[in-house]
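First up is the structure itself, then whatever we jot down about it.
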There are 2 protein chains.
Amino acid sequence: MSTAKSEPLAARISRELSDRIVTGRIEAGARLRQDHIAEEFGTSHVPVREAFRRLESQGLVRSEPRRGVRVAGFTHDEVREVAEMRAALEALALRNAAPHLTNAILDEAEEATRAGDRARDVQSWEEANRTFHRLILEPCGMPRLLRAIDDLHTASSRFLFSGWRAEWETPTDRDHRSILTALRAGDSDRAASLLAHHVGWIGKSAYRNKRG
Amino acid sequence: MSTAKSEPLAARISRELSDRIVTGRIEAGARLRQDHIAEEFGTSHVPVREAFRRLESQGLVRSEPRRGVRVAGFTHDEVREVAEMRAALEALALRNAAPHLTNAILDEAEEATRAGDRARDVQSWEEANRTFHRLILEPCGMPRLLRAIDDLHTASSRFLFSGWRAEWETPTDRDHRSILTALRAGDSDRAASLLAHHVGWIGKSAYRNKRG
DNA sequence: AATCAATAAATTATCTATAATTAGGAGATG
DNA sequence: CATCTCCTAATTATAGATAATTTATTGATT
């Protein structure tokens, strides 16, 4: 392939497991046995354990000493928690990114929104959505913040793939476009506030979905 | 001792290294060689590597594949970044904690503030300060958020111990007391706003300190 | 300055020990 | 007599140590 060059095994394993958990191919609560996974990847258990540590820090997995590792579950409260954290942090990132946004970036973001409209399946919708958010937030130049947001976004997408949320069928493009409009007008406070509502709404929608 | 029985070695090593980094006993940029640390702790290098992964996720250490691990440095920008993240997240936590705060908790927080006043050295001031924040935020019942705040607090205390900040000599107690007053009056929005300013101010102070 | 050998360090594999879970059986109780 | 509980043995899995391999870095020599 290409990047499979000198990347540590732990990174590859962690990425692959993360993908499986996010897309639901490994279900919540499932136990992850280190030597089974090691066997599957054709490695020893050592890099597998390191991968576990990373997944644990991302909140995808829960580890109990001497008892093993299992995929983290998610309750309504946790969905809401992640949504509110995203709202707070993405608003912060956008306020800091706004001064550095160029027209070229905003155009790219507009295109990502259109790609989301065109999406016919969850995967491509999610990819477009993530691209949009990343594009307008990255210029904030706060690496730690961006990493935190990325982890939260990953957690969010778990809920999306699990079918709780019909988010990708709803008119998210309206929100995206009003955010872009505010940014083009230089009103970064309004843009941040719109973004916070846009993201925070996800938590409420998940809750409503499960209820009714 | 007590609970040091069945705790994994990686956890113990990670905690000890974290403490050394935070208090500055290991300086920024220093290289951490797994074999040396393993020898010091009387273990093999395997649990040391796992400890590294945890420290990496906490932002205390930076790891380059095949090149080793070194203690993360911190620039002015990073100090500001952490402060702003704390401001955003602690405000969120406080808004969610406010409905569950009891008078007993607020009294404990008041006592922690007094302990901070009495503190004559950085360690005990930091401990009191951390206790204060933890007390009023914990009832929010959002474990993921609390973990994130805790990691940020750890990062903050690095700057404190490094001597950049004279924060502990300043009248932080004023801020703490006005927050408690707002909470007792049931004005959680005002309390959250005060807390955000209180925490965010740290970033500015560090910046100012270094300048003048 | 550049190349190649020597050294050091990170990464991974294999092997060992210890703790946890399960299975089976003995004894007690209804 | 059947069933339930408790205890012990056997299996399984995690955690750690040691050994082997690969990659980076240093130093010497041309």
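Proteins come first, then strands; the chains are lettered A, B, ... in the order of their sequence lines, and each starts at number 1.
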Measuring from the side chain of [X] (C-beta onward, heavy atoms only), which nucleotide among [options] has the closest atom?
X        : options                   : result
Thr43(A) : dA13(C), dG16(D), dA10(C) : dA13(C)
Ser44(A) : dG16(D), dT12(C), dT14(D) : dT12(C)
Pro47(B) : dA17(D), dA10(C), dA15(D) : dA17(D)

Task: His198(A) and His133(A) aromatic ring geometry - parallel, tilted or perpendicular at 30°/60° bounds - done: parallel

TODO: Provide, to the nearest angstrom, the distance between the CZ atom belonging to Phe52(A) and the P atom belonging to dA13(D).
DONE: 13 Å

Open item on the list: Heavy-atom nearest nucleotide on DNA chain C for Pro65(A) versus Gly42(A): which residue maps closer to 5'?
Closed with: Gly42(A)

Open item on the list: For Glu81(A) and Asn96(B), which I'm curious about, is there any donor-acceptor pair between the side chains at under 3.5 Å?
Closed with: no

Task: base_contact_polar (dT23(D) base, Arg66(B) side chain, donor-acceptor, <3.5 Å) - done: no

Open item on the list: Is it the case that dT12(C) (base atoms only) and His45(B) (side chain only) share a donor and an acceptor within less than 3.5 Å, ignoring hydrogens and angles?
Closed with: yes

Open item on the list: Under 4.0 Å, counting only non-hydrogen atoms across every strand here, what does Arg33(B) touch: a base, just sugar-phosphate, or nothing?
Closed with: sugar-phosphate

- [ ] Would you classify Leu32(A) as touching base, sugar-phosphate or nothing, given that sugar-phosphate means primed atoms plus P, OP1 and OP2, and contacts are heavy atoms under 4.0 Å?
- [x] sugar-phosphate

Open item on the list: Less than 4.0 angstrom from a charged side-chain N to a carboxylate O is my criterion; do Arg53(B) and Glu56(B) meet it?
Closed with: yes

TODO: Return no unless some side-chain N or O of Arg67(A) is found under 4.0 Å from OP1 or OP2 of dT21(C).
DONE: yes

